[in-house]
Amino acid sequence: MSAKGHVAQKAPIAVDVEADRSYWWCTCGQSQRQPFCDGSHKGSAFVPQEYKAEASRTLYFCACKQTDKAPLCDGTHNKI
Ligand code: FES
Ligand code: FES
């Protein structure tokens, strides 16, 4: 995907993921359930991005949607 999504917020969201579970990261930035998809992308060119957790741990998901390491925060939110 070339275009990035709407900035939902300029800070990541910590999520305790569970091993072997799939999570659907919101790429469009319109979801009301950040950082994950709630279906609000419908009608746009955006689709959610799957993240399969390899281990149970705390991860920081990007909520600004401008990261280059999607779905995780890479610090880009500090530059917007
Ligand atoms: Fe943003 Fe689904 S609501 S990708
Ligand atoms: Fe998007 Fe940090 S929240 S890069």
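Just so it is clear, the structure is predicted and the values come from calculations on it, not from any experiment. Ligands are counted one by one from 1 in listed order, and the atoms in each one are counted from 1 as well.
Linking Ile, Leu, Val, Met, Phe, Trp and Tyr whenever their side-chain heavy atoms come within less than 4.5 Å leaves Trp24 and Val47 in two separate clusters.
For ligand 2 and Ala11, the ligand atoms under 4.0 Å from any heavy atom of the residue are 3 (S). Against a heavy-atom cut-off of under 4.0 Å, Asp38 is close to the following atoms of ligand 1: 3 (S). Counting the atoms of ligand 2 from 1 in the order shown, those under 4.0 Å from a heavy atom of Asp74 are 4 (S). Counting atoms of ligand 2 from 1 in the listed order, those under 4.0 Å from a heavy atom of Cys62 are 1 (Fe), 3 (S), 4 (S).
We find that Asp68 and Lys4 are joined by a salt bridge, their nearest charged nitrogen and carboxylate oxygen being less than 4.0 Å apart.
Not one N, O or S atom of His41 sits under 2.8 Å from atom 1 (Fe) of ligand 1. The nearest N, O or S atom of Cys73 is not closer to atom 1 (Fe) of ligand 2 than 2.8 Å. Residue contact annotation: Cys37 places no N/O/S atom under 2.8 Å from atom 1 (Fe) of ligand 1.
Checked by atom type, the side-chain pair Thr27/Gln49 shows no donor-acceptor distance below 3.5 Å.
Taking the N/O/S atoms of His77 in turn, the shortest distance to atom 2 (Fe) of ligand 2 belongs to ND1.
Although no hydrogens or angles enter the test, the distance criterion places no donor-acceptor pair under 3.5 Å between the side chain of Gln30 and the main chain of Cys37.
Partner of Tyr51 under the ring-ring contact (aromatic ring centres under 6.0 Å, His included) criterion, out of Phe61, Phe36, Trp25: Phe61 alone.
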*asked:* For a side-chain contact (heavy atoms from CB on, under 4.5 Å) check, start with the C-alpha distance between Ile13 and Tyr60, then their side-chain angles and the critical distance, and finish with the verdict.
replied: CA-CA 5 Å; Ile13 297 172; Tyr60 291 84; over 6 Å; no
